[in-house]
Visitor: 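Quick one: this structure, given as C-alpha cells, is what I'll be asking you about.
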Amino acid sequence: MTMDASNYRRVPLGTVAPRDAEDVAAALAVCRELGVPVVPRGAGTSIAGQATGTGVVLDFTRHMNRVLAVDPETRTAVVQPGTVCDSLRSAAAPHGLTFGPDPSTHSRCTIGGMIGNNACGAHSVAWGTTADNVRALNVLTYGGEAARLVRPDGAGPGTGTGTTTGGQGGTGGSVLPPSLRTGADALVARHLTALRTGYPTGLPRRISGYALDALLPENGPDWTRAFTGSEGTLGVLTEATVRLVASPPARALAVLGYPGESEAAEAAHTLLPHGPLTVEGMASDLVPDRAAAALPPGGAWLFVETGGATPEEARAHADRLCRAAADATTGSLVVTDPAGRRALWHIREDASGTATRMPDGSEAWPGWEDCAVPPARLGAYLSDFRALLAEHGLRGLPYGHFGDGCIHVRIDFDLLTGPGIARFRRFSTELAELVVAHGGSLSGEHGDGQARAELLPRMYGPELTGAFAAFKDLWDPAGGLNPGMLVRPHRMDENLRFAVLPREPVDVAFGYPHDGGDFSAAVRRCVGVAKCRVAGPNQGASVMCPSFRATGDERHSTRGRARLLHEMLAGGVDGMDTGDGAGGTDGRADSGAGGAGGAGGGPGGTGGADAAPGGLITGGWRSEEVREALDLCLSCKGCRSDCPVNVDMATYKAEFLHHHYAGRRRPAAHYAMGRLPRWLRATEPVAPLLAPVANRLAGVGALTSVVKRLGGITPERDIPPLAPETFRRWWRKRERDGKRDGKRDGKRDGRRNTGERTGDRPGSRPTVLLWPDTFTNHLSPSVGRAAVTVLEDAGLRVVVPPKPVCCGLTWVSTGQLDGARTVMRRTLDVMAPALDAGLPVVGLEPSCAAALRTDLPELLPDDPRAAQLAAAVITFAEALDRHAPDWQPPRLDRPVTGQTHCHQHAVLGDTAERALRERAGLTGDLAGGCCGLAGNFGFERGHYEVSVACAEDQLLPAVRDAEPGAVLLADGFSCRTQLDQLAGRRARHLAEVLAESLAEGRSEALDAGEREGS
C-alpha cells in the first residue's frame, strides 16, 4: 500500500527506484505499453493524498539523490529530484548561500517533492515558495517526450540562470514538445480573461490548481512556475536547477507573546514591513508545558527570525521589531545563540505531529491543513474558522505561517464511522466556501491532492477548472500520471486509510494506556510526518531511527514499520495466535520499496511499504513481511521521545513477536539471550568457580563457535566475560562484615546491636534501594560497587532487595511477554516491603530502569504495585540530585566523550546526569544516537553489519574525535561492550568515574596525613 501524511491509502502495483533519467524513460515506456499509471513520489511534503496511487511508484531517494553542482556566481544549484532539502542547504552553506524554501520537514523532504507540491516553509515571507526559486526543470512526459522548462529572465523574484536554450518548440528558452507548445498557446488564448481575473490576488500562498496564469504573455510565459505544484500529474522531473539566496551570516529569533491566537494573527502582517525572515504563529494549546516555560507570557506566540551581518546586527534588528510590536504583545524574548534558537524552532517544527492529538489525547487528522488567505485577513478568517468548527462540534489546533496567511490545522474528525465521514464532507464543503469568501486558496502549501481537489470549482469556477483539465490532457493525453489528482479528482471521502482497520480492539498483551488500550489506535499514531527518515550529520542528540539511518530503507524506518502494522491489521489478525502458517500474501511487500520516499516533480509522499497487486498482508500476526521489517528494529525506544506523536515501535515489536511465535519454536537467540537472566542466575552459586573456567573456554575458538551457533550469536562477537564475584555476593559479604563490625562496636560502647554498619542506624539518613540488575550483578559488578561508594559518600543509606529481582527487559525485547509478566510479578513480590516503605529505587542500567518505568506498568496495568514501582524508579544521578542535593562530587575537570544511552534519552531523560557531570567538572556533550548493540540485537546472527553501522553513525566518530585525555562515559552495559569490541576502548559508568576519583582523593589525603605525622 501507499500512504502519505494524509488520511488516504491506496494499493499500487510496485515500486521502481531509477538510477538515472534513462531508467525513468524505460519505466515509463513499460508502464505506457501496459497501460499502468505512474506516481512520482517525494518524501516529506504531501499531506493531501496526492502521493498515493495504484500504479507504479517511482522512488527517487535511492539513487537520484545528489547535488550535481553549486554555482556561487549565478547563485544556482543543479540537483536530482531525490535530493533532500537539507543536503542542498549543506552543499550551499560554504558559499554563504541557502535554498530558501524550508518546510518543517526540511531534514527529510526532497526537492522533487517540494517542486511537485510547491512547498514553502517558514522563510517564504523572505524568499518565496518553491515556484519562486525554480530556474529550470528537465521533465519526461508519460508519453516519453522530453521537455526542458526554463524560467524567463526577470520572471518573478530573483534572477534567472542566464542560460536559456532555444531550439525547436522553444518558448522563452523552454524546449517543449511541439504539440504541447501549440496546444498551450491556444488554451491561453481561449481563456485570456479568466486567466487574468479568475485567480485570487494579494495572496502570497496560492498553491491550489495549476498556475496557468504563469503562461500569460505578460508573465513570460513561465513554464517552470506552471509546472511547479502540479503534483506529479503533468510530467516526471529528472533534474532541477534552483535559485540559491544569500544566507545571513547571523540570525536572531524574536518570540513575541500575545493574549491569544486572534491577537497574534491580527499582528502578524504588521511585522512584514520590518523585513523579517519568518513570521510563524502558534497558540498555547500546541506547546507542551515544559516548552511554554521557556517562552514569554501569553496565550499565543509569533516566532520572528531576523538576519544580519553580525550577531549584534541581527539582534538589533530583532530588538527593533520587538519595540515596534510592544503595544500589542504580552512580552518578548530574543535568542541569538544557535542552540537556543534550534530548541525553540523544534517546538514549531514538531507541531505537525503534536497537533495530531488533542489536549485530552483524542486523535486529530489532516484534511484542511494548508488553507491560506491574504495575511491582512488572517485574524478575521481564524475567527470565522473557529466558529465553523464549533458549529460542527469539531476541535482543531491552528498554527503555521501567519506572516503568509497560511494555516496548518489537524481536526478531530471521526473518520471511522459513516456519520463521522459525512460530517467531514459537510464541514469541508462549508470551509471551502469560507476560504473563498476571504479571498483565499484551498491550499497555501503542499497542494490539493485528494483532500481538496474535488472542491476546486468553488474556488476557480467551471471555466478555469475546465482549462485545468485541458492542460492536463495536453501533457498527458493517456491520463497515466497520478490519475485522480487535481483534474477529474477522487472524492475527498474515498480511499480513507482507516476504512480497512478493525472496528474492535484486537487482543493484545500491553495496556497501551495512551491509546485507550487499542493497538489499532497506537498504530494510527503514525501520521507520516517522517521525522524518523532523518539521516546524515548534524542531527544532534536524536536517536530515532538508527536502523533506517544505517540502511536507508523505508521499511526500516518507524513510519515504514507502522505502515506495515497498519496493513497487518487491515488484513485481519483474529485467530492468528496459533497454527503453523508463515503468513504472507500472494505478493509480498517489495523488500526494496519501503515506501516511496522518492521525488520526481511529484507529490511529497511519505512512505509505507508497497504491496503487489491485491497483495495486502493477510498473514496477521504470522506475517513474514512484518517480521522481516521489525527484525532490524533495535528497540531503542528513540521514537517514543523523538517522534512528534510518540510512536513506540519497541513496544509494537515486542507485541508482534509475542503473537508471531505463540505456540511455536522461536529463534535460538530468544532462548539464549532473551532468557539470559535465568541462565546467569543459575550460575550465581558457583560463580567464583565457574566464571574463570567459562571465561577461559570463551577464548577457545572451536568451542566458542559451537556455542555461538547454538545460541544464535553472530560469529563476529566476543562473549562478555562473567564476573567471578557477582554484585549480590559482594554485597552479602559486605553486609556480613558490617554486622560483625557492628557487634564489636556495640560491645565496646554498650549499645544494643542494630544489625547495620556503624553510624547507619535507621532514620539517621535517607535510604535508597539500589536495583541490582542482571548486567550489573553478573557482568559489570564494578558499577554496583562504585554506585554504593558514591551514594554512601553523599550521605545516603543504601539497601538492596533481599532476593534476586529482574525488570524482564530481555523477555520483553524478544517478545516473550508471558515470561516477562511472570518475572515482573515475582519481582513485585520481592519489592513489596520496599514499596510499602516508599523507598526510591535507584537504577544503574538505563535500559532496565526504562523497562521498569514503561514496560512494567504497561504489561501489568491491573497490578497497582507495577505503577508504584514505576513511579519509584530514579537514575543514579537523580538519586544524588533529589536525596543528597548538598553533596559536592569530586572535581575532575576533564572533557568527556561517549554515549547517552538511547533508553536514557527516550524514557528517563538526562537532565540530572548533565547537571552531575557539570558539577564534577566533566565538560562537553555525549554523543546521541544508538550504540547499535542494543542488548541482544547486536549479538544476534544477521545483525552485525547494521549494529556496526549504527555505532559508526555517531558514537564511534565522537570517540575518535575526542580531546586527548577525555573521560569515556557510557552508563549502559551494551554501550560499553560495543566500545570495547569495536573501538578497543574501555568506557565507564559515571558512578565508576566518580568513585575512582573519591578513592584517589582519600589516598591523597592519607598520604598527606602520613607525611604530616612523620
Visitor: Check whether the side chains of T76 and T74 place a donor and an acceptor atom closer than 3.5 Å, and report yes or no.
Guide: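 Yes, T74 and T76 have a side-chain donor paired with an acceptor closer than 3.5 Å.
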Visitor: Using modelled atom types only, decide if a donor and an acceptor are shared between the side chain of S87 and the backbone of T83 within a distance under 3.5 Å.
Guide: no
Visitor: Could you tell me which non-hydrogen atom of D86 sits nearest to which non-hydrogen atom of R89, and how far apart they are?
Guide: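 Looking at all heavy atoms of both residues, the shortest contact is OD1-NH1, 2.9 Å.
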Visitor: Identify, with sequence neighbours excluded, every residue that meets side chain to side chain donor-acceptor pair (under 3.5 Å) alongside W368.
Guide: S428
Visitor: In Å and rounded to the nearest 0.5 Å, what is the NE2 to CD1 distance from H446 to I207?
Guide: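 Taking NE2 in H446 and CD1 in I207, the distance rounds to 9.5 Å.
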Visitor: Distance only, no hydrogens: is a donor on one side chain within 3.5 Å (strictly under) of an acceptor on the other, for S623 and E625?
Guide: yes
Visitor: Could you walk me through whether M114 and C85 satisfy the side-chain contact (heavy atoms from CB on, under 4.5 Å) test, starting with their C-alpha distance in whole Å, then the side-chain angles of each, then the deciding distance to 0.1 Å, before giving a yes or no?
Guide: CA-CA 9 Å; M114 294 174 68; C85 180; 3.9 Å; yes
Visitor: Evaluate the side-chain proximity of R533 to R549: yes if any heavy-atom separation is below 4.5 Å, no if none is.
Guide: no
Visitor: Distance check, rounded to the nearest 0.5 Å: H490 atom NE2 versus M492 atom CE?
Guide: 13.5 Å
Visitor: Short question: side chain of N65, backbone of T61 - any donor-acceptor pair under 3.5 Å?
Guide: yes
Visitor: With rounding to the nearest 0.5 angstrom, report the CZ to CG distance, R555 to L630.
Guide: 11.0 Å
Visitor: Would you call H123 and H401 a side-chain contact if the rule is heavy atoms closer than 4.5 Å?
Guide: no
Visitor: Checking R525 against Y652 for the side-chain contact (heavy atoms from CB on, under 4.5 Å) test, could you report, in this order, the C-alpha distance in whole Å, the side-chain angles of both residues, the deciding distance, and whether it holds?
Guide: CA-CA 12 Å; R525 277 185 173 270; Y652 306 169; 3.9 Å; yes
Visitor: Spell out, as yes or no, whether a donor-acceptor pair under 3.5 Å connects the side chain of E454 to the backbone of R452.
Guide: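 Pair absent, no side-chain N/O of E454 close to backbone of R452.
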Visitor: Q450 versus M485: any side-chain heavy-atom pair under 4.5 Å?
Guide: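 A side-chain contact exists here, since the closest heavy-atom pair is under 4.5 Å.
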Visitor: Hey, are R561 and S547 close enough side-chain-wise for a donor-acceptor pair under 3.5 Å?
Guide: yes
Visitor: Which atom names give the shortest non-hydrogen contact between R9 and E567, and what distance separates them?
Guide: NE-OE2, 2.6 Å
Visitor: Before giving the answer on side-chain contact (heavy atoms from CB on, under 4.5 Å), spell out for V24 and F60 the whole-Å C-alpha distance, their side-chain angles and the decisive distance to 0.1 Å.
Guide: CA-CA 10 Å; V24 176; F60 286 75; 3.7 Å; yes
Visitor: Please check: side-chain N/O of E239 versus main-chain N/O of N138, any donor-acceptor pairing under 3.5 Å?
Guide: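 Flag not set: sc E239 to bb N138 has no pair under 3.5 Å.
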Visitor: Does a salt bridge link R627 with E624, judged by any charged N lying under 4.0 Å from a carboxylate O?
Guide: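 Yes.
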Visitor: Nearest heavy-atom pair of N482 and Q50: which atoms, and what distance?
Guide: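 Minimum heavy-atom separation between N482 and Q50: ND2-O, 2.9 Å.
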Visitor: Flag the pair R225 and D213 as a salt bridge only when some basic side-chain nitrogen lies within less than 4.0 angstrom of an acidic carboxylate oxygen.
Guide: no
Visitor: What are the two closest non-hydrogen atoms of G447 and A48, and how far apart are they?
Guide: O-CB, 3.9 Å
Visitor: Determine, step by step, whether S208 and D448 satisfy the side-chain hydrogen bond (donor to acceptor under 3.5 Å, both in side chains) criterion, reporting the C-alpha distance in whole Å, the side-chain angles of both residues, the deciding distance to 0.1 Å, and the verdict.
Guide: CA-CA 6 Å; S208 284; D448 299 299; 2.7 Å; yes
Visitor: Check whether any side-chain heavy atom of P101 sits under 4.5 Å from a side-chain heavy atom of N133, and report yes or no.
Guide: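 In contact.
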Visitor: Once rounded to the nearest 0.5 Å, what's the spacing between atom CZ of R108 and atom CZ of F548?
Guide: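 The CZ atom of F548 is 11.0 Å from CZ of R108, to the nearest 0.5 Å.
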Visitor: Is there a side-chain contact between L28 and V38, using heavy atoms and a 4.5 Å cut-off?
Guide: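 Yes, their side chains come closer than 4.5 Å.
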Visitor: Heavy-atom distance under 4.5 Å between the side chains of V175 and V150, does that happen here?
Guide: no
Visitor: So which atom in L244 and which in V70 form the shortest heavy-atom distance, rounded to 0.1 Å?
Guide: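 In terms of heavy atoms, the two residues are closest at CD1-CG1, 3.9 Å.
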Visitor: Do V84 and H106 have side chains that get closer than 4.5 Å, going by heavy atoms?
Guide: no
Visitor: Could you go through the side-chain contact (heavy atoms from CB on, under 4.5 Å) check for V523 and V647 one step at a time?
Guide: CA-CA 8 Å; V523 170; V647 168; over 6 Å; no
Visitor: Would you please name every residue forming a side chain to side chain donor-acceptor pair (under 3.5 Å) with T551, sequence neighbours left out?
Guide: H556
Visitor: Does the side chain of T45 pick up a donor-acceptor pair with the side chain of N117 at under 3.5 Å?
Guide: yes
Visitor: Quick one: side chain to side chain donor-acceptor pair (under 3.5 Å) partners of T224, sequence neighbours excluded?
Guide: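 Per chain and number, T224 pairs via side chain to side chain donor-acceptor pair (under 3.5 Å) with D222.
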Visitor: Under the side chain to side chain donor-acceptor pair (under 3.5 Å) rule, collect the residues that match up with N7, sequence neighbours excluded.
Guide: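 Checked N7 against side chain to side chain donor-acceptor pair (under 3.5 Å); zero matches.
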Visitor: Determine the minimum heavy-atom distance between V16 and A27, stating which atoms define it.
Guide: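 Closest approach of V16 to A27: CG1-CB, 4.3 Å.
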Visitor: Under 4.0 Å between a side-chain nitrogen and a carboxylate oxygen: does that hold for K472 and D476?
Guide: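 Looking at K472 and D476, the cut-off is met.
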Visitor: Got a donor-acceptor contact below 3.5 angstrom from the E494 side chain to the R491 backbone?
Guide: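 Such a contact is found between E494 side chain and R491 backbone.
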Visitor: So how far is it from L97 CG to R243 CZ, rounded to the nearest 0.5 Å?
Guide: 11.0 Å
Visitor: Is the ring centre of W365 less than 6.0 Å from the ring centre of F498?
Guide: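 Ring-ring flag for W365/F498: true, centres closer than 6.0 Å.
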Visitor: Taking ring pair (Phe, Tyr, Trp, His ring centres under 6.0 Å) as the definition, give me every residue that meets it alongside Y210, ordered by chain and number, with sequence neighbours left out.
Guide: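 In terms of ring pair (Phe, Tyr, Trp, His ring centres under 6.0 Å), with neighbours along the sequence ignored, Y210 is linked to F468, F471.
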Visitor: Is any side-chain heavy atom of R205 closer than 4.5 Å to a side-chain heavy atom of S124?
Guide: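 Yes - at least one pair of side-chain heavy atoms lies under 4.5 Å apart.
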Visitor: Just by distance, do the side chain of S441 and the backbone of S443 share a donor-acceptor pair under 3.5 Å?
Guide: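 Side chain of S441 to backbone of S443: a pair is present.
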Visitor: With rounding to the nearest 0.5 angstrom, report the CG to OG1 distance, L180 to T141.
Guide: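 Reported to 0.5 Å precision, the distance equals 8.5 Å.
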Visitor: In terms of heavy-atom contacts, does CZ of R66 have more than 12 from other residues, nucleotides or ligands at under 6.0 Å?
Guide: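 Result for CZ/R66: open.
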Visitor: Should N118 and T129 be marked as a side-chain hydrogen bond (donor to acceptor under 3.5 Å, both in side chains) after you check the CA-CA gap, both sets of side-chain angles, and the distance that decides it?
Guide: CA-CA 6 Å; N118 199 4; T129 69; 3.2 Å; yes
Visitor: Less than 6.0 Å separating the ring centroids of W475 and F227?
Guide: yes
Visitor: Between D4 and R10, is a salt bridge (Lys or Arg N to Asp or Glu O under 4.0 Å) present by the stated rule, with each step listed?
Guide: CA-CA 10 Å; D4 51 16; R10 299 170 78 199; over 6 Å; no
Visitor: If you count every heavy atom of other residues, nucleotides or ligands that lies below 6.0 Å from E945 atom CD, does the total exceed 12?
Guide: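 At most 12 heavy atoms, drawn from other residues, nucleotides or ligands, come within 6.0 Å of this atom.
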Visitor: For R75, enumerate each residue passing the salt bridge (Lys or Arg N to Asp or Glu O under 4.0 Å) test, keeping only those at least two apart in sequence or located in another chain.
Guide: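 Counting only residues at least two positions away or on another chain, R75 forms no salt bridge (Lys or Arg N to Asp or Glu O under 4.0 Å).
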Visitor: Checking the side chain of Y142 only, and the main-chain atoms of C31 only, is there a donor and an acceptor separated by less than 3.5 Å?
Guide: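 Checking the backbone N and O of C31 against the side chain of Y142, a donor-acceptor pair under 3.5 Å is found.
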Visitor: If we count only N and O atoms by modelled type, under 3.5 Å, do the side chains of D59 and T15 hold a donor and an acceptor together?
Guide: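 No, no side-chain donor-acceptor contact under 3.5 Å.
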